[in-house]
Amino acid sequence: MKLRNLIGVLACAALPATGMASSHREAPFITKNPKVDGTDFYMFNSYEGTSRAGYVTILANYQPLQDSYGGPNYFTLDPEALYEVHIDNTGDGVEDITFQFDFDLKLANNGTGVELPIGGKMINIPLALAGPLSSPTDADQNVLETYKLGIVRGPRRATAATAVTNLADNSTTFRKPYDNAGTKTIADYAAYANQFIYEFDMPGCTPTGVLAGTHSRVFVGQRREGFAVNLGQIFDLVNMGVSALGAMPTGTQADLTGAADQGKNIVGNKNVTTLAIEVPASCLTKDASSPIVAGWTTASVRQARVINPAASFSSPSREGGPWVQVSRLGMVLVNEIVIGIKDKDKFNGSEPKNDAQFADYVTNPSLPILVEVVFGASGALAPTTYPRADLVAAFLNGVPNVNVMSSTLFEAVRLNTAVPATARDTQNPLGAATCFDAPASNAAGPMLNLARTGCDPAGFPNGRRPGDDTVDIALRVAMGFLLDQNHAPIRAAPLVDGAYVDARAFLPAFPYLDTPASGAP
Amino acid sequence: MRTTILFVLALAACKRAETQPPPPAPPPVATTQGAPGSTNLAPLAGLATRLHSEAAQRPAATVTAEQLFAALTQRGVTLATTKQVLAATAQASYCALGVTPDAIAIAVCEYTSPAEARAGKRLLDTRYARLVPDAVRTINGTTVLTVANGSKRPAVRDRVLKTFASL
């Protein structure tokens, strides 16, 4: 019965899935570099209201699985790294616009830090603050984290970035809020964090299609983890529906075909650090006749690092050499459940224009086989057609009639900016996946039906919003939702992971992701 | 070789920065902290182990998977693939899955007694009704047969069911 081969497949399918939410610690090397570990990437037409119509919001999350009590240093970003958001508006897999975030970390009092008189001596305090915080300029904040935002047009390393001006003070510096240490440190974290939302105008662009007098916005700070997944069960498939280890589902186990919300989201109490920007769609697109853009985020570090044996706050190491990309994230779950473990670090260092090298992982995926092994006794089958052109469309090329940019295959989040945003309260967690009828044949491809009940074309995989249940969508697409019944016998099965997301659980306005979990009550 | 390259890169980086770098200290011992759930490989390792275990402890079933698959082949039902699948899903001792070229699923689960086979069928009928809505199941002694995705090829499905009943 080919058991040996089967176990090999299982190992290949299973190992990449460990320790992940969307892209949390998904590749071996990135686990050593959590500050530059990109976890999720969202891009959607802003749905805050009419005042923000015509804007696109982009959220790039880093530093996974933050425990809110993680003091005293909490979760600063890497001042030696370069965090970037890339936009391709021509469909060639090469960035046309790049937003660069360059962070800085300093002690207060011009690098001396907050000191207290103790026994006749001035002693530097051991904490990152000396008292409660309520504003970006509190004198009690001992460690100050700021950043500069730059924009590069064309290939990201070809030219220097143009600095963005902070309209609050006409400087080029933006502040990042202190993490949510607890209510004694920051009594009203939501109000505190909102003071770190800054306005700017995008250099080199005169926007159209937005309300006059409005500006682009940027925010970088801690947010509550927005990705929902039944980590321990869906990617340890053996624990879902029925246990692979002989135990039937219990009250603590999810049912693969049960209710969508089974309260199984295990990362909901974690925090991440979000880089959020909101810019006019017209500043991202090539022109009015090309409304589709592709986006992804990367983090890069210097190629060489020498540890300073006499470390100081400002110089724990010496870094130099060219930038080397160590994290890449576009479409959800690609580097987790699609790319083989031997190539995960390679993928993190790769550029979309070279994605043909990873095509086999998409056309011949291992996850459906794992599902078949676990549930095959019931007659459930993985899709039987290879190569999986449907997955190529979903992950590498865009969905026909929705967000295809070109024939070039590359992995990124594709957003049709011309599709009107859906108001938060009426969004469907299954997004644009609800807009397809069963294809008559695989050759015909997915049948777009905008009149379909529940159809929400403004959601994943047309961009990605916080409220899109990408795990459920990915599960169903992997099992053949975009294929015909003959080649995907369980294509219509309402597969769920038991962890539910709903747009109403998120903020109604920029930066959309919720206030972070507090480190103390 | 790789170490040499890294060392050269490190030196080049220092030179480029025009600094007086301190001599490199020995690399620290890796202290990467595991995140919650990140090291939970046990269930997956357990899956492979479980498959091994199920294959090694098959009961004396009324109809084995191999017998049915061989009989089907003799009667003109071609199987494109056959493989062992997880029996625990059906509370069985051992299960195998055969798939025809036109994607009809033929799942055979072996139990230790007719009573267990009946309980297993009830479980499959109820728990997976939404997952595999067109499944047809029947029992022959201690063996449960599931034929799924066969509604478009009823003749093939019926031949499978009749073959199973004849064994």
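A, B, ... follow the sequence lines: proteins, then strands. Residue 1 opens every chain. Just so it is clear, the model here is predicted, and its values are computed rather than measured.
To the nearest 0.5 Å, the span separating CD on A:Glu372 from NZ on B:Lys83 amounts to 3.5 Å. Put simply, NE2 on A:His487 and CG on B:Asp102 are 9.5 Å apart, with the number rounded to the nearest 0.5 Å. Rounded to the nearest 0.5 angstrom, A:Leu370 CG and B:Leu86 CG are separated by 10.0 Å.
With chain A as partner, the option from B:Gly120, B:Ala148, B:Ala105 having the largest number of non-hydrogen pairs under 4.5 angstrom is B:Ala105. Considering only heavy-atom pairs separated by less than 4.5 Å from chain B, the leading option among A:Ala377, A:Gly376, A:Ser317 is A:Ala377.
Taking a 6.0 Å sphere around CZ of B:Arg153, one finds it holds 12 or fewer heavy atoms contributed by other residues, nucleotides or ligands.
Contacts of A:Ser378 with chain B are made by both backbone and side-chain atoms, with heavy-atom separations under 4.5 Å.
At least one side-chain heavy atom of B:Leu97 sits less than 4.5 Å from a side-chain heavy atom of A:Leu381.
Contact record, A:Ile490 with B:Val132: CG2-CG2, 4.5 Å, taken as the closest heavy-atom pair.
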